[in-house]
Amino acid sequence: MNMEYNFSAIEQKWQQFWQENGTYKVSNGSDKPKFYVLDMFPYPSGAGLHVGHPLGYIASDIYSRYKRMKGFNVLHPMGFDAFGLPAEQYAIQQGLHPDVTTKQNIKTFKGQLNRLGFDYDWDREVKTCDPDYYKWTQWIFLQLFACWYNKSTQKAEPIDTLEAAFRAGGSNAADGAGGEEVADFSAEDWNAMSEAEQQKVLMNFRLAYLSHASVNWCEALGTVLANDEVKEGVSERGGHPVERRLMRQWFLRTTAYADRLLDDLDDLDWSDAMKEMQRNWIGRSEGASVWFDIADTDKKFEVFTTRPDTIYGVTFMVLAPEHDLVAEVTSAEQKQEVEGYVSYVKARTDRERQMEKKVTGAFTGAYAVHPFSGEKVPIYISEYVLIGYGTGAIMAVPSDDDRDEVFAQHFDIPIVDIIDKSKYPGATKSDKLGIMINSGFMDGMEVPDAIKAAINAVEEKGIGTGKVNYRLRDAGYSRQRYWGEPFPIVYRDEMPYALGSGDLPLTLPEVSSYKPTGSGDGPLAALTDWVNTPDGKRETDTMPGYAGSSWYFLRYMSPQCNDRFVDEKAEQYWQNVDLYIGGTEHAVGHLLYSRTWQKFMFDRGWVSQKEPFKRLVNQGMIQGMSRFVYRKKGTNTFVSHGLIGEHEVTPLHVDVNFVDGLVMDTERFKAWRAEYNDAEFILEDGQYICGSAVEKMSKSKFNVVNPDDIVNQYGADCLRMFEMFLGPIDQGKPWNTQGISGVSKFLRRFWNLFRFDENGQANLDDATPTADEMKILHKTIKKVNEDIDRMGFNTCVSAFMEATNALTEKKCNKRAILKPMVALLAPFAPFVTEELWRAVGESGSVHHSDFPTHDEQYLVENSKEYPIQINGKVRTKISIALDADKAAVEAVVMGNDIVKQWTDGKTLRKFVYVPGKIINVVAN
RNA sequence: GCCCAGGUGGUGGAACUGGUAGACACGCAGGACUUAAAAUCCUGUUCCCCUUAAAGGAGUGCGGGUUCGAUUCCCGCCCUGGGCACCA
C-alpha cells in the first residue's frame, strides 16, 4: 500500500504556498547578475486562454526558473495588451463597456495562468488600458511630436534646435528627416513667416506628424474598416462596398530610423529568418530618381528605379492610378477609359492588386519625353504600380522586367533589348549581369558599371540623382475608434498643440454609444462637451494597438513609478530583454515599432540600450483540429463522413469536445443546440464518423481546447511537460490531446521512485550509488543543461523519461540520485518537484536551490561499438577501443568474418575511420 | 503575387557542426494480472519480399547533383503554415 500521486492536492497546496511566501517576488536591487525573460503579452480575448497560448509561456517559464537556479536575478513578468478592436466590436453588439469586458477577461486569463504554475511577479503586471500606464504612452507620443530627426548627428533632437537653425540659417542650416518635401527658404523667409506657416514647415520634420493616408472607407457602415474586416472589396459584416479614401492621420516617422534598424540587426541574437523578414520589410534599395518631362506640357514627374542602366530600354511609363498627375495629363479621348479604370482600382486592396495575374491598365493619351533619345513614350496607368512605394511612378523596361514585359505584350508596346546576357548562361532578368547594347553612351559596359555611368549621366543633365529608397513607410498612428489611447492634442486653427505633461493622462471619456459617427470620425467625436475645450478642439481619433505594446517591456521594470515612464535606476539595472519569446505573426510590426521607440528614447538619453530585445525565439502556432458533421441539404439528417458521397451535404463545424478521435457522441450533439434536438443520423458501422481539418484555433470553429480541462484531468505539471513534449518550440503543430497519457505515466513513475508509504513518508536509500546509476544521472544532467540552453525542451522531456525508465528498472531509490533529479525537473514540473523536494529532506523551495551540473568523470567510455559500413551500407558492428589508432582498427575490421564475406574478391579502395563515429570500407 | 518557415512510420517527433534513420512517446497487436473491466506490467510494431528465423531489398515531399557516406550541402519543382502595414 502506498500513497498515489495526487496532482490536484499538490498543485493547490504549492500555488497557495508560493503566493503566501512571495516565492517569485523580484527585487530591482541584487548582487546577482540580472536576466530578463519576456513573453509577448496576450490580448485578453473573451474566449479565454486556449492550449496554444501557453506554449511560449511554458518555455519562458522553464527558462526563467532554470536561470534563477543558475544564480541569476530573473525578471519574468506578465501583463495584458488590453486595447483593441474585438472588445470594441463586442461593445457595439452588446452595449457593454469595453473596460468591463476587458477586466473580466483579464481575470479569467490570470486565473488560467496561475493554475499553470508560472513564476510571474504579479506586482509588476501592466495593462495597456490602465490610465497609469497609458499616461506614459501619451507622454512618449508627445515627445515624438516634440522632436525631429537630425540626419547630420543621426539622432532625434528637440524641435527647438531645428527652429533655432532655421532662424539663424534657413532651411539649409539643418538636415532633418522629412525635409525633402519642403521647398528651400532663407533665414529671412523663416523669420517673416507667421506662426501658422512656421508650424506647417515644422510638421514636415516632427517624428510624430500629421499627413494624409488612404483607409478602407465603408459608406454604408459610416466607418473605417480594418483590413481583415474587408473581404473581396466588401465589408465582412453586411457585405457593403468598401473603397479607399484619403484621411488626415497621425504618422510616426519610422523611416528616419530605417538605416539604424537595418544595421543594428547584425548584433542581435535573433534567427536569420527573423532578421531577413525585418530586412525585407525595411526594403532598402539603391538606385536613382529620374525626372521625366511630359511632352507638350511644362509638367514633369519623378520615378525611382534600381536599374538606371536600363533607361534606353524604356518604351512606356506607368503611373499609379491614384497619382496626382493622372487627372491633369489624361487626354480628352482617353478620359472615359482612365476614369473607369481608376474607379475599378479604388475598390481593390494593394494585396489584390499585387496578386492579380490578369494584365489591366489604361493609356492616358499623354507621352513622356525620353531624356536621352528624345523619343516620345506613352504614359499608362496600371494597378501593378502602387502609390505607396517609391514615387508611385515607374519607367517600364519590358526587356528586363517580367511585369513590364507582360504589360507590353498585352498592350502591344515595343520591346527593345538592351542587355546581352550571352556571357552569363542561366542569368535571369533580375540578375544584374550582362553587357549593354542599344544603349548609347553605355554600349559595351558591364551592368554594374553601366548603373554608375547612368547615375552620373542623369546627374550631369540635372534630371536626377542617385538615391536610396525604402519599402518601409512611416507608420500610420490614427484609428477612428473608441477603445484606444486618446491623443493628448488639441487643435487651434487646424494646427495641433500638445497638452502639457501635467494634463496627462488624458483619460478616455465615457460614451453613450460605441458606434461610429458615420462621418468617418471615431465615437469620441460625438462627445461635443469633451471635444470642445477652452484651449481648442480635441483630437478624436485614438492610438493604434501597437502604441501600448511598443514600450511595455520597460514598464515592467518599475510598474509603479509615477514620475517617469521607467525608473532610471531600474532601467540601468535591467537594461533590456535577454530572452523574448513570441509568435512569428509579430515578426515585423510589433518588433519593428518597439525597436524604433527604443532607439528614439535612447537618442534622448532616457534609456541605456539601443535595442530592446537581445535574443528572440519564435514559438510555433498551435493549430486546432476541427471536426465536421455533414447535414443533408434541406433536412435535419446528418451523414457519417464515409457516406457523404451518396448525398448532397453541407459541412458544419461541430464542437471537438464531444468527438472522441473521429467518433461523435450523437446524444451530446443533439443536446448541444435546440435545432439539433431531433437530429437524425446515417451511421457507418453504428458510429457517426466526423470529417476533420487543421485550422486556426478559434471560438467560431468550435475547436478550442481549454487548458483548464486538461489541468483538471491530468494536472498542470503534466500539461506543461506535454506541451513541451509535442515538438520543437519554434514549429507549429495541430493540437491533439491523444498522447498526453505518456507524460502522465512518466510523472507517476517518477513519483513512484520515492516509494511513499501510506503516511506519505518517502522511503529512500542513503547508500552510495553504483557507477551505472551515476552515469544515468550525469548523462541526464548534461543533456538537460545543454538542451535548455538551446531551447530543446522536447528532448529534455525524453531524457527525463529515459532516466526514469532506467532508474525504475534498476529499482533505484537512492537519495543521492533522486535529489538532483528533483532539482533538474523543477523548471519543467514546478509543483510536484516542490513536494518531492520535501520528500528528499529539504526545507526551502526547490526553485531557489542550485541547478545540478554534471561531472564528466561519470561519463567516460573507453570503447565504442562501431557501425561498420561496406560501401556506405552498415553490415555489422564491432566493439573497438576509442583510443585505437587507424592501423590497429583497420587490422581488426579487415579480419572480421562479415567484412571478409562482403569484400571477398574485391580490392580495398579506401578505409574511412572517423574515431568515435563510424568506419567505412570502400571496395570494388 | 512577394517575403519567411516547414515536409521523416498509422500519429507527435529524435538524429546538435555530413557519419548506425525512426530515440522518446501515442496508437495498434499479442500476452500477464483480474470473476470482469479499468489501471499496471511484459513483448512486438518503417515498408516490401521470404517467413520460424537469419539474410536481403527499398526508404526522410518529388526529380537531379556533390561525397567513401546526404534527413543534413547544392540546383529545379510540388505541397502546407505564417506575414504582407487598421486582427492582436
Modelled atom types, side-chain donor and acceptor of A/Asp81 and A/Ser549, under 3.5 Å: no
Pair A/Asn469-A/Ser285, side-chain donor/acceptor within less than 3.5 Å: no
Sugar-phosphate, base or nothing in reach of A/Asp787, heavy atoms under 4.0 Å: nothing
Option passing side-chain contact (heavy atoms from CB on, under 4.5 Å) with A/His854 (candidates A/Val784, A/Leu859, A/Leu824): A/Leu859
A/Arg403 side-chain N/O to B/rC2 phosphate OP1/OP2 under 4.0 Å: no
Whole-Å P distance, B/rG82 and B/rC87: 16 Å
Sub-4.5 Å side-chain heavy-atom contact between A/Arg595 and A/Gln278: yes
Anti/syn call for B/rG65, syn if |chi| within 90°: anti
Rounded distance in Å between the P positions of B/rA21 and B/rU46: 14 Å
Donor-acceptor under 3.5 Å (A/Asn280 side chain, A/Glu276 main chain): yes
B/rA25 phosphate, OP1 or OP2, under 4.0 Å from A/Asn805 side-chain N/O: yes
Nearest-Å distance once atom C1' is located in both B/rU17 and B/rG12: 27 Å
Pair A/Arg875-A/Gln901, side-chain donor/acceptor within less than 3.5 Å: no
Touch class at under 4.0 angstrom, heavy-atom based, for A/Pro734 against every strand present: nothing
Spacing of A/Ile740 atom CD1 relative to B/rG27 atom P, expressed in whole Å: 12 Å
B/rG44 to B/rC26 separation - P atoms, rounded to the nearest Å: 15 Å
Sugar-phosphate, base or nothing in reach of A/Trp902, heavy atoms under 4.0 Å: sugar-phosphate
Complement of B/rA38, any strand, by Watson-Crick or G-U distances under 3.5 angstrom: none
Proximal nucleotide (of B/rU40, B/rA15, B/rG13) relative to the A/Lys733 side chain: B/rG13
B/rC50: pairing nucleotide in any strand, Watson-Crick or G-U under 3.5 angstrom: none
Side-chain N,O (A/Lys910) to OP1/OP2 (B/rC68) below 4.0 Å: yes
Between B/rA14 (P) and A/Met801 (CE): distance, integer Å: 14 Å
Rounded P spacing from B/rG57 to B/rU40 in Å: 41 Å
Touch class at under 4.0 angstrom, heavy-atom based, for A/Phe746 against every strand present: nothing
Donor-acceptor pair present, A/Lys877 side chain and B/rU20 base, under 3.5 Å: yes
Of the listed nucleotides B/rC24, B/rU20, B/rC26, the one nearest the side chain of A/Glu802: B/rC24
Under-3.5 Å donor-acceptor pair between A/Asn920 side chain and B/rC68 base: yes
Whole-Å gap separating P (B/rG12) and CE (A/Met724): 18 Å
Check: A/Phe83 ring centre within less than 6.0 Å of A/Tyr134 ring centre: yes
B/rA39 OP1/OP2 closer than 4.0 Å to side-chain N/O of A/Arg748: no
Counter-base of B/rC2, judged by Watson-Crick or G-U geometry with both distances under 3.5 Å: B/rG83
Separation of the P atoms in B/rC33 and B/rA37, to the nearest angstrom: 12 Å
Nearest-nucleotide pick for A/Lys357, side chain only, options being B/rC4, B/rC26, B/rG1: B/rG1
Sub-4.5 Å side-chain heavy-atom contact between A/Phe911 and A/Ile919: yes
Side-chain N,O (A/Asn794) to OP1/OP2 (B/rA14) below 4.0 Å: yes
RNA chain B: 5'-proximal contact among A/Ile919 and A/Val922 (nearest heavy atom): A/Ile919
Per-nucleotide protein contact string for nucleotides 82-88 of chain B, where B marks a base within reach and S marks sugar-phosphate only (heavy atoms under 4.0 Å, - for neither): SSBBBSB
Whole-Å distance separating the CE atom of A/Met721 from the C1' atom of B/rG13: 16 Å
Aromatic ring pairing A/Tyr552/A/Tyr580, orientation class (parallel under 30°, perpendicular over 60°, tilted between): tilted
Centroid-centroid under 6.0 Å between A/Phe407 and A/Tyr384 rings: yes
RNA chain B: 5'-proximal contact among A/Leu726 and A/Gly742 (nearest heavy atom): A/Leu726
Options B/rU40, B/rA5, B/rC24, nucleotide nearest the side-chain atoms of A/Ala273: B/rA5
Separation of the C1' atoms in B/rA54 and B/rC42, to the nearest angstrom: 25 Å
Whole-Å C1' distance, B/rG19 and B/rA70: 10 Å
Pair assignment for B/rU71, Watson-Crick or G-U wobble, requiring both distances under 3.5 Å: none
